[in-house]
Amino acid sequence: MPKETFFHLTEEKKCRIMKAAEKEFSKNPLKDASIANIVKDAEIPRGSFYQYFEDKEDLYYYYFNILRKSSFRDLLKTIQEYDGDLFAGFENFSEKMITNVLKDKHANFYRNLFMNMDYRAFNKVSPEMSAGQKMDAKVQREKHLKEQEKMWTSIDHSKLRVANIHELRMLLHMLMHSVFSTIIEAYRHLAEDEEYDVNQSLRDLQRKVSWIKSGAYQPNPEPTMTKENNE
């Protein structure tokens with residue numbers, strides 16, 4: 001999270017900084033991004049940058065959170081449109097999300113994010129924080145808890161085997177992992193073949209979600225058809 005001084009800036013100055021961040025993080029992954037380029041494009045002294053942010057990672061994830069806010073609202077709205085059916089809503093939401101991530105105006109930023117994602121980054125960008133993740137401030141913690149509560153009350157629990165918000169967090173974590181892994185796989189395919197059909201990635205996601213929803217284990221499999229069976 002930015003330091004308090006950032007929030008006291010004029011909207012015009014905050015906008016310049018965020019546009020500079022978008023430009024740099026769309027060109028380079030976090031590890032290669034340059035603070036020098038950001039402050040140059042934002043037209044601020046380098047010293048001022050550290051009055052607003054701890055480091056470039058602080059700015060990076062703040063920028064991502066700006067993009068993510070609309071995603072959380074979209075997921076919540078979609079679940080509500082499907083009368084609280086988490087899986088029906090999530091499937092609809094995730095298909096739109098993958099298409100947007102791969103093709104919308106922020107596609108370059110998302111490509112750098114997902115193609116360089118590790119476990120730590122996953123926890124930071126996942127909509128449900130892991131239990132051990134550090135909260136930035138009391139106000140952020142309270143806001144996050146309100147979001148969880150809103151999600152919890154919007155879901156039809158009769159269709160799920162989850163007993164509390166903690167278990168819902170685990171389920172959402174699994175679902176988002178399926179989305180993130182599908183996005184990473186799609187970017188790798190596109191890097192190898194520009195004509196790759198993104199619809200294949202959507203079909204792969206549907207399969208992953210169906211396994212989470214119904215399980216992949218088949219207790220009474222049908223006999224495998226062999227040459228002897230045919231004869």
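In the hydrophobic clustering of ILVMFWY residues, with side-chain heavy atoms under 4.5 Å counting as a link, Met174 and Met97 come out together. Both Leu76 and Ile66 belong to a single network of hydrophobic side chains, linked directly or stepwise wherever heavy atoms of I, L, V, M, F, W or Y lie under 4.5 Å apart.
Residues passing the side-chain contact (heavy atoms from CB on, under 4.5 Å) test with Lys103, sequence neighbours excluded: Thr99, Val198. Contacts of Asn28 classified as side chain to side chain donor-acceptor pair (under 3.5 Å), with partners at least two apart in sequence or in another chain: Glu24. Partners of Phe7 by side-chain contact (heavy atoms from CB on, under 4.5 Å), not counting sequence neighbours, listed by chain and number: Met1, Pro2, Tyr62. Partners of Lys23 under the side-chain contact (heavy atoms from CB on, under 4.5 Å) rule, at least two apart in sequence or in another chain, are Lys27, Asp41. Legend: residues meeting side chain to side chain donor-acceptor pair (under 3.5 Å) with Asn108, ordered by chain and number and at least two apart, are Arg111. The side chain to side chain donor-acceptor pair (under 3.5 Å) search around Arg16 returns Glu12, not counting sequence neighbours. Evaluation of the side-chain contact (heavy atoms from CB on, under 4.5 Å) rule for Asp156 yields Ser158, Lys159 as partners, not counting sequence neighbours. Every residue meeting the side chain to side chain donor-acceptor pair (under 3.5 Å) condition with Lys14, not counting sequence neighbours, appears here in chain and number order: Glu11.
Between Leu205 and Ile183, every side-chain heavy-atom pair lies at or beyond the 4.5 Å cut-off. Looking only at side-chain heavy atoms (C-beta outward), Met115 and Arg188 come within less than 4.5 Å of each other. Put simply, the side chain of Val39 does not reach to within 4.5 Å of the side chain of Ile17, judged on heavy atoms. Taking the side chain as every heavy atom from C-beta outward, Ile155 and Ile79 approach each other to under 4.5 Å. With contacts defined as side-chain heavy-atom distances shorter than 4.5 Å, the pair Asp85/Asp83 does not qualify. When side chains are defined from C-beta on, Asp58 does not count as touching Phe49, because their heavy atoms never get closer than 4.5 Å. Inter-residue side-chain proximity for Glu149 and Ile165 is flagged as met; some heavy-atom pair is nearer than 4.5 Å. Residues Asp32 and Pro29 meet the side-chain proximity criterion, which asks for heavy atoms closer than 4.5 Å.
Across all non-hydrogen atoms, the minimal contact from Leu59 to Ala21 is CD2-CB, 3.8 Å. When all heavy atoms of Gly89 and Thr78 are compared, the pair lying nearest together is O-CG2, 3.2 Å. Scanning all heavy atoms of the two residues, the minimum distance from Asn164 to Trp152 falls at O-CZ3, 3.3 Å.
Pairs passing the ring pair (Phe, Tyr, Trp, His ring centres under 6.0 Å) check and including a residue from residues 76-106, sequence neighbours excluded, do not occur. Pairs passing the ring pair (Phe, Tyr, Trp, His ring centres under 6.0 Å) check and including a residue from residues 18-42, sequence neighbours excluded, read Phe25-Tyr60. Residues in residues 44-55 take part in these side-chain hydrogen bond (donor to acceptor under 3.5 Å, both in side chains) pairs, two or more places apart or across chains: Lys13-Tyr52. Listed by first and then second residue, the side-chain hydrogen bond (donor to acceptor under 3.5 Å, both in side chains) pairs that reach into residues 195-207 are Glu95-Gln206, Tyr196-Ser201, Asp197-Asn199, Gln200-Arg203, Gln200-Asp204, sequence neighbours excluded.
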- Steps toward side chain to side chain contact (heavy atoms under 4.5 Å, CB included) verdict (Tyr63, Met18): CA-CA 7 Å; Tyr63 172 70; Met18 299 318 296; 3.7 Å; yes
- Item | side chain to side chain contact (heavy atoms under 4.5 Å, CB included) evaluation trace for Leu86 with Leu172 | CA-CA 9 Å; Leu86 172 62; Leu172 287 173; 4.0 Å; yes
- Trace of the side chain to side chain contact (heavy atoms under 4.5 Å, CB included) decision for Met117 with Leu113: CA-CA 6 Å; Met117 182 174 287; Leu113 170 67; 4.3 Å; yes
- Step by step, work out the side chain to side chain contact (heavy atoms under 4.5 Å, CB included) result for Leu168 and His157. CA-CA 10 Å; Leu168 176 63; His157 304 150; 5.9 Å; no
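The CD1 atom of Ile212 sits 9.5 Å away from atom NE2 of His177, with the distance rounded to the nearest 0.5 Å. Note that CZ of Phe114 and OG1 of Thr182 are 10.5 Å apart. Values are rounded to the nearest 0.5 Å. Atom NZ of Lys31 sits about 9.0 Å away from atom NZ of Lys56, to the nearest 0.5 Å. Taken from CZ in Phe64 to CG in Leu30, the straight-line distance is 13.0 Å, to the nearest 0.5 Å.
In Lys150, the NZ atom is not crowded: 12 or fewer heavy atoms of neighbouring residues, nucleotides or ligands sit closer than 6.0 Å.
With Asn65 contributing its side chain and Tyr61 its backbone, the two residues share a donor-acceptor pair below 3.5 Å. Using modelled atom types, no side-chain atom of Ser214 and backbone atom of Trp211 make a donor-acceptor pair closer than 3.5 Å.
Using a 3.5 Å distance cut-off with no hydrogens or angles, the side chains of Lys40 and Ser34 do not pair a donor with an acceptor.
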